[in-house]
Engineer: 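Got a structure here, written out as structure tokens. Questions coming.
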Amino acid sequence: MVRFKNRYVLCEVVSEDPRCRQCIEDRALGLAVRDAITRVHGDYGLACCSISFTVKYLNAYTGTVLLRCRKDSYRLLCSALPFVRYLESRAQRYPCFLNTLHVGGTIRTCQKFLIQYNRTQLLRLLQNCTNEEERQCIQKSLLSCSLTEEQSQSGDEEEDDGTE
Amino acid sequence: RGPAGRAMAAAAAFERRVVRRAAEHHYLRVRLELSDGGARPNAPQFKQLVVTALRELHGEVGAALPVDVLTYEEKTLSAILRVISSGLVKLWSALTLLGFYQNRRCAFRVLQTSPFLLALSGNSRELVL
């Protein structure tokens, strides 16, 4: 049967300014992405991409963002993401950029990728640790991620980065 | 490379070639309708108008489309534009939806379009028998 197919774009917000974390919210990010699409692809591009455009998931601690759009216009969206240069909220502007990690057809595939990605990131952080207390902290949070906890918490534990 | 030609050779020395792939460029003869009583755009301003129309509808990507104004007559405000074939739809839609030139109402009328420049020289609509 014919159905509407979506594409889910997984990105991460990278910024040098630590205060940028607090202004990562869905409205600010949605506006910034729409503004970038308008600049790069004009009114036609904005209308195409806005049909089913939402920010599905946001994690301010790790800067992970999941955007949804129609399958027909995901290339317009992906090509406009490098043009997001700052996030603005509450009259504060912070320079940042978006790193595209993965484009998937469903939220489930993006979640599988994110879990895998976070695992490798944790290991890399452990290797790059400079002092002993950070090392202890990360090791403790790694060991506390286990599937023997309650069913409802196990999904969150796997995605938790353990940083910050 | 896509299908370049398909030769159909009959028994006699008759051969028909069908070219499937369209030409590289498309040519449009357009006329700008502008209300009287006001400065008429010269050639650079006309090109600026076309690029502005593309930028409004298709953004920076549209404005970067390689469009050339081959001829321009300021008296009749008509011009021949050349655009790469893949950008014909973007250019034509941008010209259609342009409404204002320096806060004056304007409209683009596309008189002829063809992948061959020679075809623009004859116009059967204005043929006087």
Side-chain angles (χ1 to χ4, degrees), chain A residues 5-9 11 13-14 26-55 65 67-88 93-100 103, chain B residues 2 22 24-28 30 32-34 41 44-69 79 81-110 113:
Chain A
K5 296 195 178 180
N6 295 320
R7 284 286 177 264
Y8 292 87
V9 181
C11 347
V13 177
V14 177
D26 50 357
R27 252 189 83 230
L29 206 67
L31 284 176
V33 172
R34 269 176 221 257
D35 182 55
I37 295 178
T38 310
R39 253 181 301 135
V40 178
H41 295 295
D43 294 335
Y44 172 74
L46 176 68
C48 254
C49 296
S50 295
I51 291 182
S52 174
F53 175 75
T54 37
V55 179
V65 177
L67 307 166
R68 176 187 74 179
C69 67
R70 281 261 179 268
K71 181 177 152 189
D72 302 323
S73 57
Y74 84 95
R75 293 188 70 105
L76 291 175
L77 175 66
C78 287
S79 63
L81 287 181
F83 291 86
V84 174
R85 296 204 29 238
Y86 56 83
L87 286 181
E88 186 161 348
R93 194 181 274 207
Y94 301 105
C96 66
F97 67 90
L98 296 184
N99 222 1
T100 305
V103 176
Chain B
E24 275 182 47
H25 298 284
H26 261 80
Y27 301 86
L28 291 115
V30 297
L32 177 65
E33 280 187 5
L34 208 53
Q45 287 172 336
F46 186 82
K47 172 127 193 226
Q48 174 69 18
L49 185 62
V50 170
V51 172
T52 305
L54 276 165
R55 181 174 285 119
E56 276 180 15
L57 190 61
H58 291 289
E60 294 297 327
V61 168
L65 206 53
V67 171
D68 302 312
V69 178
L81 304 175
R82 178 180 75 168
V83 71
I84 211 127
S85 284
S86 55
L88 177 67
V89 173
K90 288 191 178 174
L91 175 66
W92 201 335
S93 56
L95 291 178
T96 307
L97 292 177
L98 182 71
F100 288 97
Y101 169 66
Q102 286 180 354
N103 293 332
R104 292 150 67 193
R105 275 278 187 204
C106 75
F108 267 98
R109 307 285 181 215
V110 174
T113 173

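Chain A is the first sequence line, chain B the second, and so forth, proteins listed ahead of strands; every chain is numbered from 1. Owing to the predicted nature of the structure, the values given are computational and were not obtained by experimental measurement. Values below: all heavy atoms of this structure, side chains included; hydrogens, waters and symmetry mates excluded.
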Engineer: Select all residues of residues 91-104 of chain B having any heavy atom within less than 4.5 Å of some heavy atom of chain A, and report them by number, or 'none'.
Structural biologist: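 Listed by number: none.
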Engineer: Name all pairs fulfilling the side-chain hydrogen bond (donor to acceptor under 3.5 Å, both in side chains) condition that reach into residues 78-87 of chain A, sequence neighbours left out, sorted by first residue then second.
Structural biologist: A:His41-A:Ser79
Engineer: Does B:Glu33 CD have over 12 foreign heavy atoms under 6.0 Å away?
Structural biologist: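 Counting neighbours around CD of B:Glu33, more than 12 heavy atoms of other residues, nucleotides or ligands fall under 6.0 Å, so yes.
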